[in-house]
Amino acid sequence: MTTLVMKFGGTSVGSADALRQAAAIVLDQAHSWERPVAVVSAMSGVTDALAQGALSAASGDESVYRSVVADLRVRHYRVVDELLEANGERAALLATVDEFLDEFASFCHSVHVLGEVTPSAMDAITSLGERINARVLAALLRQSGARSEAVDATDLIITDGTFQNAVPLMEASRAATASRLAPLLDDGVIPVVTGFFGAAESGATTTLGRGGSDYSAAILGDCLDADEVWIWTDVDGVMTADPRIVPGAQVIPSLSYGEVSELAYFGAKVLHPRTIRPVVERGIPLWVKNTFNPGFPGTRIDREAQNTPATVKAVTAIEGLSLVTVEGRGMMGVPGIAARTFSAVASQGASVLMISQSSSEQSICFVIPTTAVRPVIAAIESELALELARGDVDRVWSMDEVVIVTAVGAGMRTTPGVAARVFGALGQGDINVIAIAQGSSDCSVSFVVAADACAEAVQQIHMEVIVNDRYSP
Ligand code: ADP
Ligand code: ASP
Ligand code: MG
């Protein structure tokens, strides 16, 4: 049995034209695969609008969510009216859109009354865009003559219950998927599954993090032992850089799981950072393709990349970061300072993106999201209060408005000269490197630069290293 899981991102299902295109792709692939499964995002911008409505309700303003309801009703009605013939099916779908939007309004009203939006309420609220869109695509497929049914991923992906950033429990998800999806597939029905969320064992909706529909597709691919997982998006594949920063960025035909993991982790929005984990375990090939250019092959991601190793293949950047430094001339003599520093960071739930070498040996530097800086510094100061009083540690401070730029390519670190060329390119551009990463992956080199040098650093590496590598004989 051949199984294909295909995910359509927000732009790929964000208008009547896009949905028509997505439906055509599903129907086309249904000729080639015995068990095709579609996973859909909300229409582009919908998740943001739902979240915004909830947040402003929490801060006392009920007007925002009311206007979101009105806007989303118009947007979904227009799409449904344009796509579906006027019959009972269309009327039922419009009634469903209303039900979900009413649910949204009543959630927001409760949030307003309580004066806060809990992570669990936020997950229930932000899941509504996918719930609507799965029903729209399934109806469109049925109108085109296919058998299709919308399935809420709360029935399939069982999670650890962490709101906003849930992790799937794979055994439970496998069992749920087998009992809910397999009968549909055996029956020749094309399931259209909601991306972005699953449910805790209690049944509560838990989202997988923003951009999580890619991850949903990979989880389902694993649960179904899919032959391939395809991510349909709005660019031709994974590119040498974010095309919004580097207009000359090019599609990379083949990448390894390791390379793509580094790219996604260090900011390439094209894939959710956790997408690779489920497919890597089963060695399922992952493709990134363009909904609006379906004839183009896109990027294939597999165990091994099929092109030249030891070259820089892509460059990416992650913004909104701060570099925190713990420094003091007496601190290196004190055992356990690093361990205590990082446990203080962890106590605030902050994720450390990079630990870096600075020019001074008497310091520990690391990069965290700027939003976490205040509580993290306070936690470190309290953990190291004695050392600060004694003068072993002089101060804990942060440099804000920095970015991490990462150059990615398998074999980079172990091949002499590759990192040197990256830094040479930055030197040529007169870009100051604030810190360099100490990571373990052989697929990447990361460094910190000031936020206002970000675009230039990315462009410089792209021009001097990547483009040159691609065109050298
Ligand atoms: P979707 O809604 O389909 O999930 P996203 O907006 O989440 O789409 O991701 C696709 C976008 O990722 C592209 O439009 C592009 O702007 C951005 N992007 C950033 N870095 C890269 C990269 N290296 N390759 C391709 N796209 C990238
Ligand atoms: N709709 C969700 C988001 O905007 C999930 C996704 O599109 O992948 O974050
Ligand atoms: Mg995305």
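Just so you know, ligand 1 is whichever comes first in the structure, and atom 1 is the first atom listed for that ligand.
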Peer 1: Donor-acceptor pairs under 3.5 angstrom involving side-chain atoms of residues 448-459: please list them, not counting sequence neighbours.
Peer 2:
unit_1	atom_1	unit_2	atom_2	d
Gln459	NE2	Ile245	O	2.9

Peer 1: Heavy-atom pairs closer than 4.0 Å: do any link ligand 1 to the side chain of Val235, the backbone, both, or neither?
Peer 2: side chain
Peer 1: Counting from 1, what ligand 1 atoms have a heavy atom of Ala241 closer than 4.0 Å?
Peer 2: 22 (C), 23 (N)
Peer 1: Do the side chain of Ser446 and the main chain of Ile404 share a donor and acceptor less than 3.5 angstrom apart?
Peer 2: no
Peer 1: Give a yes/no verdict on whether any heavy atom in His272 is under 4.0 Å from an atom of ligand 1.
Peer 2: no
Peer 1: Report each N/O pair between ligand 2 and the protein that falls under 3.5 Å, naming both atoms.
Peer 2:
unit_1	atom_1	unit_2	atom_2	d
ligand 2	1 (N)	Thr47	OG1	2.8
ligand 2	1 (N)	Glu130	OE2	2.6
ligand 2	4 (O)	Thr47	OG1	3.4
ligand 2	4 (O)	Arg210	NH2	2.9
ligand 2	7 (O)	Ser41	OG	3.1
ligand 2	8 (O)	Gly211	O	3.4
ligand 2	8 (O)	Gly212	N	3.4
ligand 2	8 (O)	Ser213	N	3.0
ligand 2	8 (O)	Ser213	OG	3.1
ligand 2	9 (O)	Arg210	NE	2.6
ligand 2	9 (O)	Arg210	NH2	3.4
ligand 2	9 (O)	Gly211	N	2.8

Peer 1: Nearest protein heavy-atom contact for atom 21 (C) of ligand 1: which residue, which atom, what distance?
Peer 2: Asp242 CA, 3.8 Å
Peer 1: Assess Val238 for proximity to ligand 1: is some non-hydrogen atom of it under 4.0 Å away?
Peer 2: yes
Peer 1: If a pair satisfies ring pair (Phe, Tyr, Trp, His ring centres under 6.0 Å) and one of its residues is in residues 237-275, list it, with sequence neighbours excluded.
Peer 2: Tyr215-His272
Peer 1: Provide, to 0.1 Å, the distance between atom 14 (O) of ligand 1 and the closest protein heavy atom, together with that atom's residue and name.
Peer 2: Asp234 OD1, 2.8 Å
Peer 1: Before signing off on this row, confirm whether Lys269 and ligand 1 have an N or O atom pair separated by under 3.5 Å.
Peer 2: yes
Peer 1: Are any of the N/O atoms on Asp214, whether in the backbone or the side chain, positioned under 3.5 angstrom from an N/O atom of ligand 1?
Peer 2: no
Peer 1: Just distances here: any N/O of Thr233 and N/O of ligand 1 closer than 3.5 Å?
Peer 2: yes
Peer 1: Starting from atom 24 (N) of ligand 1, locate the nearest protein heavy atom and write down its residue, its atom name and how far away it is, to 0.1 Å.
Peer 2: Met239 N, 2.8 Å
Peer 1: Just need the protein heavy atom nearest to atom 26 (N) of ligand 1, so name the residue and atom and give the distance.
Peer 2: Val270 CB, 3.5 Å
Peer 1: Applying side chain to side chain contact (heavy atoms under 4.5 Å, CB included), name anything that partners Gln428, two or more places apart in sequence or on another chain.
Peer 2: Gln460, Glu464
Peer 1: Taking atom types as modelled, find out whether Thr126 and Thr47 have a side-chain donor-acceptor pair closer than 3.5 angstrom.
Peer 2: no
Peer 1: Suppose we call two aromatic rings close when their centres sit under 6.0 Å apart. Are Phe107 and Tyr65 close by that rule?
Peer 2: no
Peer 1: Less than 4.0 Å between a side-chain N and a carboxylate O, is that true for Arg78 and Glu82?
Peer 2: no
Peer 1: Going by atom types alone, do Thr206 and Thr159 pair a side-chain donor with an acceptor below 3.5 Å?
Peer 2: yes
Peer 1: So does Glu103 have more than 12 non-hydrogen atoms from other groups sitting under 6.0 Å from CD?
Peer 2: yes
Peer 1: Decide, yes or no, whether a salt bridge links Arg35 with Asp227 under the criterion of side-chain N to carboxylate O below 4.0 Å.
Peer 2: no
Peer 1: Among all protein heavy atoms in this structure, tell me which lies nearest to atom 25 (C) of ligand 1, with the distance rounded to 0.1 Å.
Peer 2: Gly237 O, 3.4 Å
Peer 1: What residue among Val238, Thr299, Asp214 forms side chain to side chain contact (heavy atoms under 4.5 Å, CB included) with Val270?
Peer 2: Val238
Peer 1: Charged N to carboxylate O below 4.0 Å: is that the case for Arg180 and Asp152?
Peer 2: no
Peer 1: What's the shortest distance from atom 2 (O) of ligand 1 to any protein heavy atom, and which residue and atom give it?
Peer 2: Gly10 N, 3.0 Å
Peer 1: Could you check atom 16 (O) of ligand 1 against the protein and tell me its nearest heavy-atom contact, residue, atom and distance included?
Peer 2: Arg244 NE, 3.1 Å
Peer 1: For atom 4 (O) of ligand 1, what's the nearest protein heavy atom and its distance?
Peer 2: Lys7 NZ, 3.0 Å
Peer 1: How long is the straight-line distance from CD1 of Ile190 back to CH2 of Trp33, given to the nearest 0.5 Å?
Peer 2: 14.0 Å
